[in-house]
A.B. asks: 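Below are the structure tokens for one structure; questions will follow.
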Number of protein chains: 2
Amino acid sequence: MSDLLRRLRGRGWRMTSQRRVVAEVLDGDHVHLTADEVHALAAERLPEISRATVYNALGELVALGEVAEVTTDGRAKRYDPNAHRSHQHLVCSGCGLVRDVHPSGDPLADLPESERFGFTLSGAEVTYRGLCPSCGEPARDA
Amino acid sequence: MSDLLRRLRGRGWRMTSQRRVVAEVLDGDHVHLTADEVHALAAERLPEISRATVYNALGELVALGEVAEVTTDGRAKRYDPNAHRSHQHLVCSGCGLVRDVHPSGDPLADLPESERFGFTLSGAEVTYRGLCPSCGEPARDA
DNA sequence: TCTTGACTTGGACTGTGTCCATCGTAGGAT
DNA sequence: ATCCTACGATGGACACAGTCCAAGTCAAGA
């Protein structure tokens with residue numbers, strides 16, 4: 001059993017076969033699946049699992065802080081199980097590929113008091129945009 | 001006529017009454033409207049304007065670089081006419097309020113070569129999250 | 001094993017955005 | 001000033017992501 005499943009069970013998360021496969025599908029590094037992708041992968045092991053259940057499970061994992069929700073653009077949210085190590089995202093403007101990155105420096109420290117407008121800050125997300133090695137090569141006709 | 005309208009006309013943007021009201025609605029600082037809000041405001045002046053036209057006009061303004069698209073969460077995109085001055089966004093986790101902010105430092109400089117994975121970087125967006133003064137006050141029962 | 005409340009299901013529903021065939025019109029040509 | 005025509009507007013159907021709900025199912029404690 002993975003660490004994730006062990007942690008969830010330890011926190012009193014009622015374990016069902018559906019929740020198990022969702023958690024298993026999300027296990028690993030550099031995983032950034034959409035809800036539909038999670039559903040498709042889960043359905044390979046448990047064909048009857050419903051979309052609603054996947055959405056429920058993902059929502060709970062996010063609420064528990066085990067998985068982070070990443071909105072890279074106007075498309076579907078992606079779910080990132082690497083929520084315990086603080087990191088940011090590098091997104092390919094061409095194909096949508098997402099990589100975890102670890103910038104130096106703390107963006108929160110870069111926001112002076114005069115620019116906080118009385119807000120109580122809780123965090124900052126940085127999204128780097130660019131072209132991945134495949135998309136960056138000049139397109140070539142056949 | 002506003003600077004925005006003048007610039008657009010100068011760039012050969014065919015001016016119609018619909019495009020005019022969309023551009024006028026978006027004029028100003030600290031404007032972060034959703035497409036539906038733009039449509040509603042535009043419809044006050046031009047009741048027959050259709051949603052498709054608003055979406056078309058917004059898409060063109062974004063393509064022209066006159067307006068920036070901001071995706072703060074899984075909800076509707078917001079349109080920010082303040083695209084010429086580089087800035088980042090501060091979003092209230094409670095009510096969704098968006099403010100423009102100007103952090104010091106350059107997030108791009110914080111991403112070491114070893115963390116770029118061969119990408120050609122084009123920019124970085126920083127989204128600060130927190131509670132605005134209204135939402136930050138402890139809720140009080142009546 | 002029994003019980004029960006939490007979980008799952010699937011289908012309807014909502015919000016956001018896109019597409020497309022048809023109609024209308026801005027702006028150049030005359 | 002008027003005409004032409006290509007570009008823009010229209011609105012309704014469609015697509016996608018996500019939520020909600022009533023009814024059925026099951027995990028886990030007693």
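A note on names: the letters A, B, ... follow the listed sequences, proteins ahead of strands, and every chain is numbered from 1. For the numbers below, each heavy atom of this structure counts, side chains included, while hydrogens, waters and symmetry mates do not. Please read these numbers as outputs of a predicted model, since none were measured by experiment.
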A.B. asks: Using the rule given for side chain to side chain contact (heavy atoms under 4.5 Å, CB included), can you reason through A/Leu121 versus A/Arg116, listing the C-alpha separation, both sets of side-chain angles and the distance that settles it, and then say yes or no?
C.D. replies: CA-CA 8 Å; A/Leu121 292 189; A/Arg116 299 194 175 195; 3.8 Å; yes

A.B. asks: With sequence neighbours left out, write down each residue that passes salt bridge (charged side-chain N to carboxylate O under 4.0 Å, His left out) with A/Glu115, or none if nothing qualifies.
C.D. replies: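 Checked A/Glu115 against salt bridge (charged side-chain N to carboxylate O under 4.0 Å, His left out); zero matches.
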
A.B. asks: So, the side chain of B/Arg78 versus the backbone of B/His32: is there a donor-acceptor pair under 3.5 Å, distance only?
C.D. replies: yes

A.B. asks: Strictly below 4.0 Å, N to O, side chains only: are A/Arg19 and A/Glu60 in salt-bridge contact?
C.D. replies: yes

A.B. asks: Using the rule given for side chain to side chain contact (heavy atoms under 4.5 Å, CB included), can you reason through A/Thr127 versus A/Gln88, listing the C-alpha separation, both sets of side-chain angles and the distance that settles it, and then say yes or no?
C.D. replies: CA-CA 6 Å; A/Thr127 304; A/Gln88 307 297 346; over 6 Å; no

A.B. asks: Strictly distance-based, threshold 3.5 Å: is any side-chain N or O of B/Arg99 a donor or acceptor partner for the main-chain N or O of A/Phe117?
C.D. replies: no

A.B. asks: Could you list by number each residue of residues 41-57 of chain A showing a heavy-atom separation from DNA chain C of less than 4.0 Å, or answer none if no residue does?
C.D. replies: A/Glu48, A/Ile49, A/Ser50, A/Ala52, A/Thr53

A.B. asks: Check the pair A/Gln18 / A/Glu48 against side chain to side chain contact (heavy atoms under 4.5 Å, CB included), numbers first and verdict last.
C.D. replies: CA-CA 9 Å; A/Gln18 293 86 350; A/Glu48 270 55 44; over 6 Å; no

A.B. asks: Got a donor-acceptor contact below 3.5 angstrom from the B/Ser122 side chain to the A/Arg129 backbone?
C.D. replies: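 Such a contact is found between B/Ser122 side chain and A/Arg129 backbone.
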
A.B. asks: Who passes side chain to side chain contact (heavy atoms under 4.5 Å, CB included) against A/Leu41, sequence neighbours left out?
C.D. replies: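 A/Leu41: side chain to side chain contact (heavy atoms under 4.5 Å, CB included) contacts with A/Val25, A/Leu33, A/Glu44.
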
A.B. asks: B/His39 NE2 to C/dT18 C1': how many Å, rounded?
C.D. replies: 15 Å

A.B. asks: Quick one: B/Met15 CE to C/dG27 C1', roughly how many Å, whole number?
C.D. replies: 13 Å

A.B. asks: At a heavy-atom distance below 4.0 Å, which nucleotide of DNA chain D is the first touched by chain A, and which is the last?
C.D. replies: D/dA17 to D/dA28

A.B. asks: What is the distance, to the nearest angstrom, from the CZ atom on B/Arg20 to the C1' atom on C/dA26?
C.D. replies: 11 Å

A.B. asks: Detail all sub-3.5 Å separations between protein N/O atoms and N/O atoms belonging to nucleotides 3-5 of chain C.
C.D. replies:
{"residue": "C/dG5", "atom": "N2", "partner": "A/Arg14", "partner atom": "NH2", "Å": "2.6"}

A.B. asks: Checking B/His89 side chain against B/Thr71 main chain: does a donor-acceptor pair fall under 3.5 Å?
C.D. replies: no

A.B. asks: A quick test of your reading: do over 12 heavy atoms of other residues, nucleotides or ligands sit less than 6.0 Å from CZ of A/Arg75?
C.D. replies: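 No - once you tally the heavy atoms of other residues, nucleotides and ligands closer than 6.0 Å, there are 12 at most.
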
A.B. asks: Of B/His30, B/His87, B/Glu69, which is the lone residue that meets side-chain contact (heavy atoms from CB on, under 4.5 Å) with B/Asp80?
C.D. replies: B/His87

A.B. asks: Test A/Trp13 against A/Leu5 for side chain to side chain contact (heavy atoms under 4.5 Å, CB included), laying out the working first.
C.D. replies: CA-CA 9 Å; A/Trp13 206 49; A/Leu5 284 174; 5.6 Å; no

A.B. asks: What is the bend of the helix from C/dT1-D/dA30 to C/dT30-D/dA1 when you compare the axis at one end with the axis at the other, using five pairs each and rounding to 10°?
C.D. replies: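 Inter-axis angle at the ends, rounded: 30°.
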
A.B. asks: For C/dT8, does either OP1 or OP2 sit under 4.0 Å from a side-chain N or O belonging to A/Thr16?
C.D. replies: yes

A.B. asks: Roughly, in whole Å, what's the span from CH2 in A/Trp13 to C1' in C/dT8?
C.D. replies: 13 Å

